[in-house]
There are 2 protein chains.
Amino acid sequence: MIKVLLYEDNPQLREGLTMLIDGSEGFNVLGAFKNCSNIAFEVSSYKPDVILMDIDMPGVNGLEGLRIVRQQNTDVSILMLTVFDDNKNIFEALQNGANGYILKKTPPAKLLEYIQEAATGGAPMTASVAAQVLKMFSQINIPAGNDYNLSEREKQVLQLLVKGYSYKMIAAEMFIAMDTVRSHIKKIYEKLHVNSKSEAVAKAFRDRIV
Amino acid sequence: MIKVLLYEDNPQLREGLTMLIDGSEGFNVLGAFKNCSNIAFEVSSYKPDVILMDIDMPGVNGLEGLRIVRQQNTDVSILMLTVFDDNKNIFEALQNGANGYILKKTPPAKLLEYIQEAATGGAPMTASVAAQVLKMFSQINIPAGNDYNLSEREKQVLQLLVKGYSYKMIAAEMFIAMDTVRSHIKKIYEKLHVNSKSEAVAKAFRDRIV
DNA sequence: TTCAAATACCCCCATTTATGTGATTGAATA
DNA sequence: TATTCAATCACATAAATGGGGGTATTTGAA
């Protein structure tokens with residue numbers, strides 16, 4: 001029996017979803033609420049397996065609700081449920097540990113399937129949402145194979161720069177003279193086309209050299 | 001009619017998949033190859049809608065094949081097909097613009113459904129893969145709402161530090177004295193618990209303050 | 001064999017940072 | 001009203017950095 005909590009401000013939809021889910025074999029709706037203002041309490045007392053969470057709700061909305069729950073409970077599966085598949089909300093929800101992201105236009109049968117999937121550790125997503133998620137991945141892309149031809153040693157130095165080490169500390173860490181560190185760093189700056197530690201660090205992050 | 005190219009080193013599986021897909025209504029397998037050594041040519045001559053790509057292949061493997069295709073063609077949908085849902089390959093594939101990631105144990109009917117989904121711009125993923133993708137998202141997470149209580153002004157300064165600006169340049173940019181920049185930076189260091197520019201920059205990236 | 005790259009080291013010196021110890025103003029708030 | 005705090009500026013000084021010159025050894029590829 002999958003125990004479900006439901007957060008949805010629209011009374012019709014809330015009723016409808018409750019009926020659908022609670023009326024289905026193997027599902028049990030423990031409660032349905034119009035916003036997340038008491039979600040911390042509700043989750044800890046009802047102990048649901050899955051939370052169906054609308055994003056746009058007056059009062060405490062779904063994203064805030066998500067955060068609140070995730071601050072204390074990493075166990076329950078949270079399925080975001082919205083009308084729009086807009087990039088910003090998707091990203092924010094997933095960043096905050098949502099387990100899935102599905103659109104309200106999802107047909108009932110599919111919805112139940114999704115809940116089931118979420119309950120068993122899956123990550124159900126509407127196709128259009130999944131596509132956007134993947135796009136985000138490729139956007140934060142590595143300029144393929146672009147490590148700027150840094151030599152092994154230079155990469156090591158850059159790693160340590162990123163850790164905030166000073167020249168002196170790097171020298172100690174690598175058992176080489178500080179002057180050697182300097183010449184490595186000069187070479188790194190050349191290759192990365194930068195001329196300061198902070199730029200090098202920034203570039204290392206941006207281009208995932210680290 | 002969905003035009004499919006297939007890359008799979010195992011002869012049995014290659015045959016089997018070809019039969020399955022080509023034998024199904026609405027699908028057409030244009031070709032099936034045992035590795036990606038000629039993929040650039042094959043893709044440009046066959047112009048498939050979907051590529052089914054095994055990852056582990058001798059010679060030019062699936063990830064390399066993916067990269068090769070994406071270097072010239074952003075249009076075709078590429079579905080990665082593997083035995084294991086190991087984190088590293090998933091991440092790498094998605095980074096390089098794969099459109100989906102499904103396991104070989106996927107039942108035939110589901111497989112066809114996935115190909116269809118990929119062809120129409122979706123991003124089919126096996127549930128376990130989707131779950132891992134989401135986990136990656138929340139791993140690269142912001143310590144929720146944690147901007148270390150930087151004031152507006154301090155954030156601005158940090159932004160410029162990240163851009164590699166020197167104190168002097170920041171002062172000029174913000175129309176304030178260098179000493180003021182200094183005191184802002186001191187405050188920033190305090191709040192971030194660091195004591196150098198490069199550490200601050202690294203932290204800014206890690207915690208997405210920028 | 002020759003040559004380029006990578007590695008390691010050295011010196012000099014101007015500039016930049018990091019740190020410390022102040023002060024003043026104005027806005028918010030208790 | 002008193003107090004706090006962000007934001008601004010000032011002066012001093014030691015340490016670290018960046019940019020400019022170099023040299024020597026090793027290693028692997030042409």
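Lettering of chains follows the sequences in order, A, B, ..., and the numbering in each one begins at 1.
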Distance-only donor-acceptor pairs under 3.5 Å for side chains of residues 32-42 of chain B, two or more places apart:
unit_1	atom_1	unit_2	atom_2	d
Asn35(B)	OD1	Ser37(B)	N	2.8
Asn35(B)	OD1	Ser37(B)	OG	2.6
Glu42(B)	OE1	Tyr7(B)	OH	2.5

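Atoms CG and CG, on Asn99(A) and Leu66(A) in that order, are 8.5 Å from each other to the nearest 0.5 Å. How far CZ of Arg206(A) is from CZ of Phe205(B): 4.0 Å, rounded to the nearest 0.5 Å.
Within a heavy-atom distance below 4.0 Å of DNA chain C, the residues of residues 173-194 of chain B found are Arg182(B), Lys186(B), Tyr189(B).
Applying the side-chain contact (heavy atoms from CB on, under 4.5 Å) rule to Thr120(B) yields no partners; only residues at least two apart in sequence or on another chain are considered. Checked against side-chain contact (heavy atoms from CB on, under 4.5 Å), Asn89(A) has the following partners two or more places apart in sequence or in another chain: Ile55(A), Leu63(A), Asp86(A), Tyr101(A). Asp56(A) meets the side chain to side chain donor-acceptor pair (under 3.5 Å) test with no other residue; sequence neighbours excluded.
Straight-line distance from the CZ atom of Arg153(B) to the P atom of dA27(C): 15 Å, rounded to whole Å. Taking atom CD of Glu199(A) as the reference point, atom P of dT17(C) lies 11 Å away to the nearest angstrom. Taking atom CD of Glu152(A) as the reference point, atom C1' of dA6(C) lies 11 Å away to the nearest angstrom. Rounded to whole Å, atom P of dA5(C) lies 15 Å from atom CG of Leu150(A). The separation between Tyr165(B) atom OH and dT16(C) atom P is 15 Å, rounded to whole Å.
Where Asn195(B) and Glu154(A) meet DNA chain C, the nucleotide closest to each residue was compared, and Glu154(A) sits on the side nearer the 5' end.
Think of the region where chain B sits on DNA chain D: with heavy atoms and a 4.0 Å cut, that region ends 5' and 3' at dA6(D) to dC11(D).
Side-chain contact between Val4(A) and Ile2(A): present, with at least one pair of heavy atoms (C-beta onward) separated by less than 4.5 Å.
Panel note: side chain Glu173(B), backbone Met169(B); no donor-acceptor pair is recorded below 3.5 Å.
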